[in-house]
**Student:** 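Can you read through this structure? Questions will come right after.
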Amino acid sequence: MDATEPVEVLAVGRVGVDLYPQQSGVPLADVTSFAKSLGGTATNVAVGAARLGRRSAVLTKVGADGFGDYVRTAMAGFGVDPAYVGTADDLQTPVVFCALDPPEDPPLLFYRQPIAPDLTLTGADVPWDLVARVPLFWVTGTGMSVDPSRQTHLDMLAHRGRPAPGSGRFTVVDLDWRPMFWPSPRAARREYVRMLEHVSVAVGNRDEVEVAVGTRDPEEGARRLLDLGVELAVVKQGADGVLVATADAMTTVPPQVVEVVCGLGAGDAFGAALAHGLLAGWDPVRIAEYANAAGAIVATRLACADAMPTLDELEAMVLGRAR
C-alpha cells in the first residue's frame with residue numbers, strides 16, 4: 001500500500017447520532033436516560049478501520065446544527081478525516097434511538113425525515129479523483145434507496161470502475177438492508193443488482209442476501225453474487241459462522257461465542273476488519289476469522305463507534321481460539 005496515499009478507505013453513506021439507553025432490557029417508554037455516540041453504518045466502518053490503523057474518511061452530509069458539529073468533531077477524534085462531510089442547510093442531522101430489549105438484536109427508531117442529509121449527496125459533493133484512486137471504496141445498499149443519492153452512487157461506481165482482481169483496489173458493498181428505507185424488497189433487489197454490477201466484494205447477512213439475489217441459502221446466495229461478477233462474497237450467518245466464497249473456494253468460518261451486551265455495531269466492526277484484511281492482502285478465511293472476532297468484541301460492549309476494537313484485541317481473540 002502506498003504510504004503517501006492520504007486516504008485508504010473511503011466509506012459513503014449513513015451518519016448520525018446514536019442515543020443508547022442507560023437502562024438495559026426495558027422498552028423505550030421506560031428508559032429514563034440516554035448516552036450519545038457517533039453512529040451510522042458507513043461512519044462506523046470508517047471509525048473501525050481507523051482503529052485498526054487505516055487512514056479513513058467518510059463521504060456524507062449532516063444538518064446545519066449542533067449534532068452536525070458533534071459528528072465532525074467525533075470523527076476527527078477517532079482519527080477519521082471529516083473533510084468530505086458536507087452540510088444540508090435545510091435538513092437536520094439524523095438521530096437514532098435504540099432499545100436494549102432484546103440486547104442481542106436491539107430495535108432501532110430512526111429520525112431521518114423528511115430525508116436524511118446523507119441521502120442528498122449529489123455530484124457536487126463528490127471528490128471524484130479520490131473516488132477513482134482510493135484503495136478501498138465502501139458503499140451501502142441504503143445509498144441506493146432514493147435519489148439523488150441513488151444516481152450519485154451509480155455515477156461514482158461507474159467513474160471508479162470495477163477493480164481488477166489482484167489490483168490491490170477494492171469496491172465493497174455492504175448490502176445493509178433496512179426495510180424502513182425502501183418501498184419493498186423487490187424495489188431494493190432491482191437497485192442492489194445495479195450496484196453489484198460494479199463492485200468486487202459483497203457482504204451481507206442471510207436476510208440481506210435474500211433481498212439482493214433471492215435466496216437465504218448461504219452457498220446459493222454466494223454463487224449468485226459471484227455470478228454477478230463479485231470477486232469475494234461474504235455471507236454472515238450469525239451463530240452458524242460466516243461463509244466466504246470466491247470463484248475457487250467456499251468456506252464457512254465458525255463464529256466467536258460471547259455473551260452479548262449489545263448487538264448493534266457488530267456488523268460494522270466486521271466490515272472494518274474486512275476492509276483491513278483486504279488491504280493487508282489476507283486470504284478470505286483469515287479475513288473472516290478477524291472480522292468475526294471484531295464483531296464479537298463489539299457485541300460485548302455498549303455503543304458502536306466507541307466500541308471498535310484494536311488490532312491487538314483482534315489478535316488476542318483469534319489466537320486465543322487457535323490455542
Side-chain angles (χ1 to χ4, degrees), residues 7 9-22 28 31 33-51 56-100 106-127 138-150 152-153 156 174 176 178-182 262 264-265 267-268 271-272 302-308:
V7 176
V9 177
L10 179 63
V12 186
R14 279 211 316 278
V15 69
V17 178
D18 289 346
L19 298 173
Y20 287 90
Q22 295 187 299
L28 280 177
V31 173
S33 57
F34 295 86
K36 77 177 190 294
S37 177
L38 183 66
T41 293
T43 303
N44 290 334
V45 168
V47 169
R51 188 68 57 86
S56 64
V58 185
L59 173 59
T60 190
K61 294 174 85 169
V62 295
D65 50 40
F67 278 147
D69 296 337
Y70 164 74
V71 162
R72 290 187 176 90
T73 301
M75 275 190 192
F78 286 121
V80 176
D81 188 349
Y84 308 105
V85 180
T87 302
D89 291 328
D90 55 343
L91 295 173
Q92 294 178 321
T93 303
V95 295
V96 183
F97 288 89
C98 118
L100 300 179
L108 298 175
L109 182 60
F110 289 91
Y111 284 76
R112 290 169 59 88
Q113 299 298 327
I115 187 172
D118 53 72
L119 292 176
T120 68
L121 285 172
T122 69
D125 301 307
V126 176
W138 185 282
V139 293
T140 74
T142 295
M144 293 290 288
S145 59
V146 297
D147 280 319
S149 175
R150 176 187 298 142
T152 303
H153 274 67
M156 287 190 293
D174 178 351
D176 187 39
R178 302 286 181 176
M180 68 286 294
F181 298 157
W182 293 90
C262 178
L264 292 179
D268 301 335
L302 183 61
C304 295
D306 302 87
M308 293 295 163

**Student:** How long is the gap from CG on D147 to CG on L121, to the nearest 0.5 Å?
**Tutor:**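 Answer for the CG-CG pair, D147 versus L121, is 12.0 Å.
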**Student:** If you define the side chain from C-beta out and look only at heavy atoms, does anything of L91 sit under 4.5 Å from T120?
**Tutor:**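 Side-chain contact under 4.5 Å: yes.
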**Student:** List the atom of G123, the atom of T152, and the distance in Å for their closest heavy-atom pair.
**Tutor:**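 Heavy-atom minimum between the residues: N-OG1, 4.0 Å.
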**Student:** About how many Å separate CG of D174 and OG1 of T142, when rounded to the nearest 0.5 Å?
**Tutor:**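 Going from OG1 on T142 over to CG on D174, the span is 8.0 Å.
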**Student:** Atom CG in D125, atom CG in D118: separation rounded to 0.5 Å?
**Tutor:**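 Spacing of CG (D125) from CG (D118) equals 11.5 Å.
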**Student:** Does a side-chain heavy-atom distance below 4.5 Å link M144 with V139?
**Tutor:**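 Counting from C-beta outward, M144 and V139 never come under 4.5 Å.
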**Student:** Does some side-chain heavy atom of D306 sit less than 4.5 Å from a side-chain heavy atom of F78?
**Tutor:**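 Side-chain contact under 4.5 Å: yes.
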**Student:** Identify the heavy atoms of L19 and F34 that sit nearest to each other, and give their distance.
**Tutor:**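 Between these two residues, the closest heavy atoms are O-CD2, 3.8 Å.
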**Student:** Where is the tightest heavy-atom contact between A49 and V9, given as atom of each residue plus distance?
**Tutor:**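 Minimum heavy-atom separation between A49 and V9: CB-CG2, 4.3 Å.
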**Student:** Give, for atom CZ of R14 and atom OG of S149, the distance between the pair rounded to the nearest 0.5 Å.
**Tutor:**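 Answer for the CZ-OG pair, R14 versus S149, is 11.5 Å.
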**Student:** Checking D18 side chain against C98 main chain: does a donor-acceptor pair fall under 3.5 Å?
**Tutor:**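 The answer is no, because no donor-acceptor pair under 3.5 Å joins these two groups.
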**Student:** Measuring from S37:OG to N44:CG, what's the distance to the nearest 0.5 Å?
**Tutor:**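 Answer for the OG-CG pair, S37 versus N44, is 7.5 Å.
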**Student:** Looking only at non-hydrogen atoms, find the nearest pair between A11 and A46 and report the distance.
**Tutor:**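 Smallest interatomic distance, heavy atoms only, reads CB-CB, 4.4 Å.
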**Student:** Return yes if some donor-acceptor pair links the side-chain N/O of T73 with the main-chain N/O of Y70 below 3.5 Å, else return no.
**Tutor:**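 Here the side-chain-to-backbone pair does not exist.
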**Student:** On a heavy-atom basis, which atom in R112 and which in P94 lie closest, and how many Å separate them?
**Tutor:**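 Where R112 meets P94 most closely, the heavy atoms are CG-CB, 3.7 Å.
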**Student:** Less than 4.5 Å apart, any side-chain heavy atom of T41 and any of R178?
**Tutor:**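 Yes, close enough: below the 4.5 Å cut-off.
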**Student:** Rounded at 0.5 Å granularity, tell me how far CG in L59 sits from NE2 in H153.
**Tutor:**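 NE2 of H153 is found 8.0 Å from CG of L59.
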**Student:** Are side-chain heavy atoms of V62 and F67 found at a separation under 4.5 Å?
**Tutor:**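 Not touching, per the 4.5 Å side-chain cut-off.
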**Student:** Are the side chains of L38 and V47 in touch, meaning some heavy atoms are under 4.5 Å apart?
**Tutor:**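 L38 vs V47: side chains touch.
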**Student:** Do we see a donor-acceptor contact under 3.5 Å between the side chains of T87 and R72?
**Tutor:**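 A donor-acceptor contact under 3.5 Å links the two side chains.
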**Student:** Check whether T140 reaches the backbone of G13 with its side chain - one donor and one acceptor, N or O, closer than 3.5 Å.
**Tutor:**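 No, because the side chain of T140 does not come within donor-acceptor range (under 3.5 Å) of the backbone of G13.
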